[in-house]
2 protein chains.
Amino acid sequence: MQRKTFRNMQCPIARGLERVGEWWSMLLMREAFYGARRFDDFQKNLDIAPNMLTRRLTALVEEGLLERRQYSEKPPRYEYVLTQCGRDFLPVLLAMLAWGNKHFAPEGPSVELRDKETGKVVDPVLVDAGTGERLNFKRHALVAGPAAADGMRRRLASAASFLGGAEQTGEAGGAVLAGDLP
Amino acid sequence: MQRKTFRNMQCPIARGLERVGEWWSMLLMREAFYGARRFDDFQKNLDIAPNMLTRRLTALVEEGLLERRQYSEKPPRYEYVLTQCGRDFLPVLLAMLAWGNKHFAPEGPSVELRDKETGKVVDPVLVDAGTGERLNFKRHALVAGPAAADGMRRRLASAASFLGGAEQTGEAGGAVLAGDLP
DNA sequence: CAGTATCCTGTCCGATACTG
DNA sequence: CAGTATCGGACAGGATACTG
C-alpha cells in the first residue's frame with residue numbers, strides 16, 4: 001500500500017503536505033521564487049535527474065502550485081510559473097528559512113533576509129494581519145472550524161488546554177512565538 | 001544511491017527539510033504541539049504503524065527537535081517533549097496551516113486560528129520583528145550571508161532582481177506577502 | 001534546450017506478530 | 001502501555017541514453 005494519502009484528512013497541515021511533501025517539491029518551489037521558470041533553470045541549480053524534474057514539475061502543476069505555460073510556438077516550449085496558490089506558499093518557505101538559519105547554520109547563515117532600508121537582518125515572525133498582534137497562545141487559539149468533524153473537535157479542545165498555557169509538569173518550558181508554550 | 005542528502009548544502013531551507021522532510025515528521029510535530037508526549041498519544045491520533053512511529057520519533061530526537069525524557073523508573077518509561085529547536089518550528093506549521101486553509105479546504109476550514117479576545121479568525125502574516133513592517137520584496141531581500149559560497153552569492157544576486165520586482169514578461173502577476181512578486 | 005524512455009535501487013512505509 | 005522484530009511492497013529518486 002505504501003504511503004497513506006492524507007488527502008481525505010481534515011487537517012490543513014496534512015493537506016498542505018500532500019502537495020509539497022516530496023523531497024524535491026519545496027526545493028522546486030524555492031527555485032521558482034528565485035526566478036526559475038524553465039526546465040533548465042530548475043535543473044542546473046538543483047542537480048536533479050531530468051526524469052525526476054519532469055515528474056515533480058508535473059505534480060506541482062497538477063496540484064495547482066505551478067502553471068505550465070507555452071512561451072514558444074515552434075519549437076513548442078513551456079515554462080513553469082507560480083500560480084497564486086504557489087505564491088501563497090512563500091511564507092512557509094520563509095518560516096523554514098528562518099528556522100534553518102536559527103538552528104542549522106553553526107557557521108553562520110548563507111542566506112539572510114535583510115531590510116534594504118536599514119540594512120539590518122530581518123527576524124521574521126507571525127502576526128495577526130488584522131490586529132498586528134504577534135501570535136501567541138495566550139491570545140490566540142486553534143479552534144474547530146465549520147468543516148470540522150467530531151474527532152477533530154475533541155482533539156482541538158484538548159490541544160487548546162495544552163497550548164493555552166497551563167503549567168503541567170512543573171517544568172517552565174521555553175518561549176514559542178511570542179513566548180508562551182507550556 | 002537514492003535520496004541525496006542535503007546536509008552539505010548551503011541553503012537553510014534544504015537543511016530544514018533534512019530534519020522534517022519525511023512524511024510523518026511534520027505530523028508528529030503537529031501532534032507534539034497538540035500536547036502529545038507519549039508513544040501512545042502520537043499513535044492513537046495518527047494511525048501510524050508502531051515501528052514507523054519509533055523510527056520517526058527516534059529521528060526527531062536525533063535531529064534535536066524532541067527530547068526523550070524518562071518519566072518513570074520502573075517500568076522505565078519515556079516521553080517525547082519539544083526542545084527549543086522543536087518549538088521554534090511552530091511558525092512553519094502555522095504557515096502551512098494557513099496555506100492549507102486558504103487553498104485546500106473548499107468546504108471551509110476544519111481548524112482555524114482565532115483571536116480569543118475578538119473572536120475573529122486570524123490571518124497570520126510574516127513581519128519583521130524589529131520594525132513591525134510586513135515582509136515584502138520592495139523593502140526586504142534575500143541576500144548572501146557570511147557563510148555563503150560563491151555559487152550561492154551569484155544565485156541570490158539573480159534572485160534579487162527577480163524578487164525585487166522588475167516587470168519581466170509584461171505580465172502583472174499577483175500579490176505575495178505584502179503584495180509584490182513580479 | 002527541453003524534455004522522454006528505461007531500468008534499477010533504496011527506503012519509506014504498512015501489516016503483523018510478539019514482549020515486559 | 002511502550003515499544004521491538006520481521007517481512008514485503010510501492011514508489012521516490014538516481015543513472016543513463018536518446019530525441020526534436
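This is a predicted model, so every value here is computed, not measured. Residue numbers begin at 1 in each chain, while the letters A, B, ... track the order of the sequences. When reading the values below, keep in mind they use all heavy atoms of this one structure, side chains included, and skip hydrogens, waters and symmetry mates.
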Whole angstrom is fine here: how far is it from [atom1] in [X] over to [atom2] in [N]?
X	N	atom1	atom2	value
Lys4(A)	dA10(D)	NZ	P	16 Å
Arg77(A)	dG20(D)	CZ	C1'	8 Å
Ile48(B)	dT4(D)	CD1	P	13 Å
Leu28(A)	dG3(C)	CG	C1'	15 Å
Leu53(A)	dA5(C)	CG	P	15 Å
Met52(A)	dG14(D)	CE	P	6 Å
Gln70(A)	dA2(C)	CD	C1'	13 Å
Arg3(A)	dT11(C)	CZ	P	18 Å

- request: Identify, with sequence neighbours excluded, every residue that meets ring pair (Phe, Tyr, Trp, His ring centres under 6.0 Å) alongside Phe89(A).
  value: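 Applying ring pair (Phe, Tyr, Trp, His ring centres under 6.0 Å) to Phe89(A) gives Trp99(B).
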query: Got a sec, which pairs hit salt bridge (charged side-chain N to carboxylate O under 4.0 Å, His left out) with one end in residues 100-111 of chain A, sequence neighbours left out?
result: Lys102(A)-Asp88(B), Glu107(A)-Arg15(B)
Residue pairs fulfilling salt bridge (charged side-chain N to carboxylate O under 4.0 Å, His left out) with at least one residue in residues 21-34 of chain A, sequence neighbours excluded: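 Every salt bridge (charged side-chain N to carboxylate O under 4.0 Å, His left out) pair that includes a residue of residues 21-34 of chain A, provided the two are not neighbours, is Arg3(A)-Glu22(A), Glu22(A)-Arg56(A), Glu31(A)-Arg155(B).
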query: Any idea which heavy atoms bring Arg114(B) and Val143(A) closest together, and the distance?
result: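 Looking at all heavy atoms of both residues, the shortest contact is CD-CG2, 3.6 Å.
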query: Dot-bracket for DNA chain C, 5' to 3', with Watson-Crick and G-U pairs under 3.5 Å, [ ] for crossing pairs and | for other-strand pairs: what is it?
result: ||||||||||||||||||||
Within less than 4.0 Å of OP1 or OP2 of [N], is there a side-chain N or O belonging to [X]?
X	N	value
Arg56(B)	dG3(D)	no
Trp24(A)	dG14(D)	yes
Thr54(B)	dG3(D)	no
Tyr71(B)	dA2(D)	yes

message: Students often get this wrong, so: under 4.0 angstrom with heavy atoms, is Glu22(B) touching a base, only sugar-phosphate, or nothing?
response: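 The residue Glu22(B) makes sugar-phosphate contact but no base contact.
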task: For Tyr80(A), answer base if it contacts any base atom (sugar-phosphate contacts may also be present), sugar-phosphate if it contacts only those atoms, and nothing otherwise; contact means non-hydrogen atoms under 4.0 Å.
output: sugar-phosphate
query: Any sub-3.5 Å donor-acceptor pair from Lys4(B)'s side-chain atoms to Asp47(A)'s backbone N or O?
result: yes
field: Pairs satisfying ring-ring contact (aromatic ring centres under 6.0 Å, His included), at least one member in residues 39-73 of chain B, at least two apart
entry: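 ring-ring contact (aromatic ring centres under 6.0 Å, His included) check on residues 39-73 of chain B returns no pairs.
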query: In chain order, what residues pass the salt bridge (Lys or Arg N to Asp or Glu O under 4.0 Å) check against Glu133(B), with sequence neighbours excluded?
result: Arg139(B)
Partner set under salt bridge (Lys or Arg N to Asp or Glu O under 4.0 Å) for Asp128(B), not counting sequence neighbours: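 Testing Asp128(B) for salt bridge (Lys or Arg N to Asp or Glu O under 4.0 Å), a comparison that skips the adjacent residues, returns none.
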- prompt: Tell me, do Glu18(A) and Thr5(A) make a side-chain contact under 4.5 Å, heavy atoms counted?
  reply: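 When only atoms from C-beta onward are counted, Thr5(A) and Glu18(A) do touch, with a gap below 4.5 Å.
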- prompt: Of all residues at least two apart in sequence or in a different chain, which pass the side chain to side chain contact (heavy atoms under 4.5 Å, CB included) check with Arg68(B)?
  reply: Val61(B), Tyr78(B), Tyr80(B)
Under 3.5 Å, N/O pairs linking protein and nucleotides 5-7 of chain D:
residue : atom : partner  : partner atom : Å
dT6(D)  : O4   : Asn51(B) : ND2          : 2.9

message: On DNA chain C, compare the nucleotides closest to Arg38(A) and Trp23(A); which residue's is nearer the 5' end?
response: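 The residue whose closest nucleotide sits nearer the 5' end is Arg38(A).
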